[in-house]
A.B. asks: 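So that we are looking at the same thing, I have put the structure below in structure tokens.
Just so it is clear, the model here is predicted, and its values are computed rather than measured.
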Amino acid sequence: MMDISCKKSPYPITPALRQYLRAYDRETPLPVAYADLRQFTGSFPLLDRTGKDTLWQTVHFEPQTLRELSQGLTEVYALLKTAGDLSFSKHLVADRIDYCEFGNSRPFRVRIVNQLNDNYDYFYVKQADASRLYGLELEHLLSPNSLTFLVSGDTLIEEHIVGIPGDDFIRQHLSQPHLNQVRIAKEFVKFNERCFVRLLGDMRAYNYVIAVTPDFEDEQYRVRAIDFEQQSYEGRRTMYLPQFFKDNAEVVAMCARHLKPETLRQYQTEERALMARRARAERHRLRDLLEAMRRHDLAPPEKVAQLKAELGRYHHTDAFEKCDSMGDVVRQNLWLMLGASGAFRAAG
């Protein structure tokens, strides 16, 4: 249906972006760097409960290296979860480290186990790509989902986002009789709108999760992005609309069955209004982020030119012609889609 560009090269962190990260407590010294985890000496495929290859490899290290890494990784987890309070870390151990060659960031996933009750949690160690950092920050500021992440040098630490992977949900849960399909349709429309407003691309089904929350009469759902590599990188407008990806076709068909055009427009308007309120509440931080983003080279010139032209035709405006960068394009798209309510104007 649509082809994603070949593997995107990472973009370095500029001094302006680094200054933003420091100003808003995203940067901190870390006891473990991404390069440290690259010292693994072997690996084997990680299979899921059904024996299917997950595309992750569980890696192993020399005993001394593993001991040092485990201590450092529990400290990283404390920085991520308890603002560096190490009083709980003696009960924690990094008992498994997985590696994925498939992703652009080639991430490591660390499983932290509490030895007092065997409960476990995950976090990710990745190469810090500027596109992903802008994507994470825009998600934090404009979506209903707060995100915690830390940066040190070229290392990015991300918390685990809980939910059922979109492709698994579509394959295993979408046809279950108890599922409230109207609520799922509503949330997918809202997710689709959020992605387009802030220009987050590549939301194929395995790049988002469905968070399910039991309610007193039914279940509530939320669609959450988990991959931010393609923040304002592609040139085609449709790449920022999850509805156009082939593996989302079943959800799109469900939306068409359950939502009338006026209801769909209502949900789109609701989401834009919520995003505008968040933009107003975070206007100073959003302004600082966009200023750093506007001066950053985040895509090849031909992609910038293509997206400017396609968004100009879509919005029936020549305003995008004045944009010099992808950051400018994001700012202009936010202005056009959120500014009508007046809430975004203070951040502009």
A.B. asks: Using side-chain heavy atoms (C-beta onward) and a distance below 4.5 Å, is Val76 in contact with Val125?
C.D. replies: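 No, every pair of side-chain atoms sits at 4.5 Å or beyond.
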
A.B. asks: Of all heavy-atom pairs between Leu46 and Asp98, which one has the smallest distance, and what is that distance?
C.D. replies: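 Closest approach of Leu46 to Asp98: CD2-OD2, 3.6 Å.
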
A.B. asks: Can you find a heavy atom in the side chain of Arg183 that is under 4.5 Å from one in the side chain of Glu187?
C.D. replies: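 They are not in side-chain contact.
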
A.B. asks: Using the rule that Ile, Leu, Val, Met, Phe, Trp and Tyr join whenever any side-chain heavy atoms are under 4.5 Å apart, tell me whether Phe61 and Ile112 fall into a single cluster.
C.D. replies: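 They do share one cluster, since a chain of ILVMFWY contacts under 4.5 Å joins Phe61 to Ile112.
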
A.B. asks: Any carboxylate oxygen within less than 4.0 angstrom of a Lys/Arg side-chain nitrogen, looking at Glu139 and Arg198?
C.D. replies: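 Yes, charged N to carboxylate O under 4.0 Å.
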
A.B. asks: Check whether Glu310 reaches the backbone of Arg237 with its side chain - one donor and one acceptor, N or O, closer than 3.5 Å.
C.D. replies: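 Yes: the side chain of Glu310 pairs with the backbone of Arg237.
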
A.B. asks: Is there a donor-acceptor pair under 3.5 Å between the side chain of Ser325 and the backbone N or O of Arg294?
C.D. replies: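 Such a contact is found between Ser325 side chain and Arg294 backbone.
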
A.B. asks: Given Tyr124, which partner from the list Glu158, Glu159, His160 fulfils the side-chain hydrogen bond (donor to acceptor under 3.5 Å, both in side chains) test?
C.D. replies: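 Considering Glu158, Glu159, His160, a side-chain hydrogen bond (donor to acceptor under 3.5 Å, both in side chains) with Tyr124 is found only for His160.
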
A.B. asks: Compute the centroid of each ring, for Tyr122 and then for Tyr120, and state whether the two points are separated by less than 6.0 Å.
C.D. replies: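 Tyr122 vs Tyr120: aromatic centres under 6.0 Å.
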
A.B. asks: Going by the side-chain contact (heavy atoms from CB on, under 4.5 Å) test, name the single residue among Arg331, Gln231, Met326 that passes it with Met293.
C.D. replies: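 Output: one option passes, namely Gln231.
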
A.B. asks: A side-chain contact here means heavy atoms from C-beta on lying under 4.5 Å apart; do Cys255 and Val189 qualify?
C.D. replies: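 In contact.
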
A.B. asks: Between Phe320 and Leu336, does the side-chain contact (heavy atoms from CB on, under 4.5 Å) criterion hold? Intermediate values first, please.
C.D. replies: CA-CA 10 Å; Phe320 289 96; Leu336 289 170; 3.4 Å; yes

A.B. asks: For the pair Arg38 (side chain) and Ala35 (backbone), establish whether a donor and an acceptor sit closer than 3.5 Å, ignoring hydrogens and angles.
C.D. replies: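 Judged by distance alone, no pair lies under 3.5 Å.
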
A.B. asks: Could you go step by step and tell me if Leu200 and Leu138 meet the side-chain contact (heavy atoms from CB on, under 4.5 Å) rule?
C.D. replies: CA-CA 9 Å; Leu200 176 62; Leu138 286 170; over 6 Å; no

A.B. asks: Take atom CD in Gln115; do more than 12 heavy atoms of anything else shown fall under 6.0 Å from it?
C.D. replies: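 More than 12 within 6.0 Å, yes.
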
A.B. asks: Show which residues join Leu47 in its hydrophobic cluster (side-chain heavy-atom contacts under 4.5 Å, direct or indirect), or state none.
C.D. replies: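 For Leu47, no cluster forms, as it stays isolated from other hydrophobic side chains.
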
A.B. asks: Are the side chain of Asp36 and the backbone of Val32 linked by a donor-acceptor contact shorter than 3.5 Å?
C.D. replies: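 Not confirmed, Asp36 side chain does not pair with Val32 backbone.
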
A.B. asks: More than 12 heavy atoms of other residues, nucleotides or ligands under 6.0 Å from CG of Asp167: yes or no?
C.D. replies: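 Yes, because the 6.0 Å sphere around CG of Asp167 holds more than 12 heavy atoms from other groups.
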
A.B. asks: Might you point out which heavy atoms bring Arg278 and Leu141 nearest each other, and give the distance in Å?
C.D. replies: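 Closest approach of Arg278 to Leu141: CB-O, 3.3 Å.
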
A.B. asks: Between Asp121 and Tyr77, is the side-chain hydrogen bond (donor to acceptor under 3.5 Å, both in side chains) condition met? List the steps.
C.D. replies: CA-CA 9 Å; Asp121 195 5; Tyr77 183 76; 2.9 Å; yes

A.B. asks: Is there a side-chain contact between Glu101 and Gln57 in this structure, where contact means two heavy atoms from C-beta onward sitting under 4.5 Å apart?
C.D. replies: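 No, their side chains stay 4.5 Å or more apart.
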
A.B. asks: Is any side-chain heavy atom of Glu234 less than 4.5 Å from a side-chain heavy atom of Asp202?
C.D. replies: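 Heavy-atom side-chain distance check fails, nothing below 4.5 Å.
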
A.B. asks: Side chains of Leu179 and Ile184: does their closest heavy-atom pair fall under 4.5 Å?
C.D. replies: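 Touching, per the 4.5 Å side-chain cut-off.
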
A.B. asks: Would you confirm whether His140, through its side chain, and Leu147, through its main-chain N or O, come within 3.5 Å as a donor-acceptor pair?
C.D. replies: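 Between the backbone of Leu147 and the side chain of His140 there is a qualifying donor-acceptor contact (under 3.5 Å).
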
A.B. asks: Who pairs with Tyr206 by ring-ring contact (aromatic ring centres under 6.0 Å, His included), at least two apart in sequence or on another chain?
C.D. replies: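 Applying ring-ring contact (aromatic ring centres under 6.0 Å, His included) to Tyr206 gives none.
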
A.B. asks: Of all heavy-atom pairs between Leu150 and Asp25, which one has the smallest distance, and what is that distance?
C.D. replies: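 So the minimum-distance heavy-atom pair works out to CD2-O, 4.4 Å.
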
A.B. asks: Any ion pair linking Glu137 and Arg285 (charged N to carboxylate O, less than 4.0 Å)?
C.D. replies: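 Looking at Glu137 together with Arg285, the answer is yes, because their closest N to O distance falls below 4.0 Å.
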
A.B. asks: Go through the structure and list residues passing side-chain hydrogen bond (donor to acceptor under 3.5 Å, both in side chains) with Gln71, not counting sequence neighbours.
C.D. replies: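 In terms of side-chain hydrogen bond (donor to acceptor under 3.5 Å, both in side chains), with neighbours along the sequence ignored, Gln71 is linked to no residue.
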
A.B. asks: Which pair of heavy atoms, one from Leu142 and one from Met275, lies closest together, and at what distance?
C.D. replies: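 Nearest pair, atom of Leu142 first, then Met275: O-CG, 3.5 Å.
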
A.B. asks: Among residues at least two apart in sequence or on other chains, which ones pass side-chain hydrogen bond (donor to acceptor under 3.5 Å, both in side chains) with Asp215?
C.D. replies: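 Per chain and number, Asp215 pairs via side-chain hydrogen bond (donor to acceptor under 3.5 Å, both in side chains) with Gln220.
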
A.B. asks: Measure centre to centre between the rings of Phe228 and Phe149, then say whether the value is under 6.0 Å.
C.D. replies: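 No, ring centres 6.0 Å or more apart.
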
A.B. asks: Examine distances only and state if a side-chain atom of Asn248 and a backbone atom of Met203 form a donor-acceptor pair shorter than 3.5 Å.
C.D. replies: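 Yes; judged by distance alone, with no hydrogens or angles, the pair exists.
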
A.B. asks: Could you pull out all residues at least two apart from His296 that satisfy side-chain hydrogen bond (donor to acceptor under 3.5 Å, both in side chains)?
C.D. replies: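 His296 satisfies side-chain hydrogen bond (donor to acceptor under 3.5 Å, both in side chains) with Tyr134 once adjacent residues are dropped.
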
A.B. asks: Residues two or more places apart in sequence or in another chain: which of them pass salt bridge (charged side-chain N to carboxylate O under 4.0 Å, His left out) with Glu262?
C.D. replies: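 Once residues adjacent in sequence are excluded, Glu262 has no partner under the salt bridge (charged side-chain N to carboxylate O under 4.0 Å, His left out) criterion.
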
A.B. asks: Is a side-chain N or O of Thr14 found less than 3.5 angstrom from the main chain of Leu17, in a donor-acceptor match?
C.D. replies: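 Such a contact is found between Thr14 side chain and Leu17 backbone.
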
A.B. asks: Do Pro165 and Ile226 come within less than 4.5 Å of each other through their side chains, counting heavy atoms only?
C.D. replies: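 Pro165 does not reach Ile226 side chain to side chain.
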
A.B. asks: State, to 0.1 Å, how close Tyr233 and Ala299 come at their nearest heavy-atom pair, and which atoms those are.
C.D. replies: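 Taking Tyr233 first and Ala299 second, the nearest heavy atoms are O-CB, 3.6 Å.
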
A.B. asks: Does Asp247 reach the main-chain N or O of Arg204 with its side chain, forming a donor-acceptor pair under 3.5 Å?
C.D. replies: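 Such a contact is absent between Asp247 side chain and Arg204 backbone.
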
A.B. asks: Taking side-chain hydrogen bond (donor to acceptor under 3.5 Å, both in side chains) as the test, write out the residues that go with Ser146, two or more places apart.
C.D. replies: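 With neighbours one apart ignored, the set is empty.
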
A.B. asks: Is there a donor-acceptor pair closer than 3.5 Å between any side-chain N or O of Thr41 and the backbone N or O of His60?
C.D. replies: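 Yes: the side chain of Thr41 pairs with the backbone of His60.
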
A.B. asks: Keeping Arg26 on the side-chain end and Leu21 on the backbone end, is there a donor-acceptor pair under 3.5 Å?
C.D. replies: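 Side chain of Arg26 to backbone of Leu21: no pair is present.
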
A.B. asks: Can you name the nearest heavy-atom pair linking Leu338 to Ala276, along with the distance?
C.D. replies: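 Closest pair (atom of Leu338, atom of Ala276, distance): O-CB, 4.0 Å.
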
A.B. asks: Which residues pass the ring-ring contact (aromatic ring centres under 6.0 Å, His included) test with Phe108, not counting sequence neighbours?
C.D. replies: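 Tyr34, Tyr99.
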
A.B. asks: Under the rule for salt bridge (charged side-chain N to carboxylate O under 4.0 Å, His left out), what residues qualify as partners of Arg22, not counting sequence neighbours?
C.D. replies: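 Residues passing salt bridge (charged side-chain N to carboxylate O under 4.0 Å, His left out) with Arg22: Glu27.
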
A.B. asks: Apply side-chain contact (heavy atoms from CB on, under 4.5 Å) to residues Gln181 and Arg257 and explain how you reach the verdict.
C.D. replies: CA-CA 10 Å; Gln181 294 196 356; Arg257 288 196 304 271; 3.5 Å; yes

A.B. asks: Output all residues satisfying salt bridge (charged side-chain N to carboxylate O under 4.0 Å, His left out) with Glu270, sequence neighbours left out; order by chain, then residue number.
C.D. replies: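 For Glu270, the residues satisfying salt bridge (charged side-chain N to carboxylate O under 4.0 Å, His left out) (neighbours in sequence not counted) are Lys190.
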
A.B. asks: Using the rule that two of Ile, Leu, Val, Met, Phe, Trp, Tyr join whenever any of their side-chain heavy atoms come within less than 4.5 Å, decide whether Val223 and Leu259 are in one cluster.
C.D. replies: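 Different hydrophobic clusters.
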
A.B. asks: What residues, two or more places apart in sequence or in another chain, satisfy side chain to side chain contact (heavy atoms under 4.5 Å, CB included) together with Pro107?
C.D. replies: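 Once residues adjacent in sequence are excluded, the partners of Pro107 under the side chain to side chain contact (heavy atoms under 4.5 Å, CB included) criterion are Trp56, Cys100, Ser105, Lys126.
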
A.B. asks: Can Val252 be reached from Val209 by stepping across I, L, V, M, F, W or Y side chains whose heavy atoms are under 4.5 Å apart?
C.D. replies: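 Result: yes, single cluster for both.
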
A.B. asks: With the threshold set at 4.0 Å, does a side-chain nitrogen-carboxylate oxygen contact exist between Glu321 and Lys308?
C.D. replies: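 Looking at Lys308 together with Glu321, the answer is no, because their closest N to O distance does not fall below 4.0 Å.
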
A.B. asks: Please identify which of these residues, Phe244, Tyr314, Tyr240, Phe191, meets the ring-ring contact (aromatic ring centres under 6.0 Å, His included) condition with Phe196.
C.D. replies: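 With Phe196 as partner, ring-ring contact (aromatic ring centres under 6.0 Å, His included) holds for just one option, Tyr314.
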
A.B. asks: Partners of Glu229 by salt bridge (charged side-chain N to carboxylate O under 4.0 Å, His left out), sequence neighbours excluded?
C.D. replies: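 Only Arg132 meet the salt bridge (charged side-chain N to carboxylate O under 4.0 Å, His left out) criterion with Glu229.
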
A.B. asks: With heavy-atom distances below 4.5 Å as the criterion, would you say the side chains of Ile97 and Leu73 are in contact?
C.D. replies: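 Yes, side chains in contact.
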
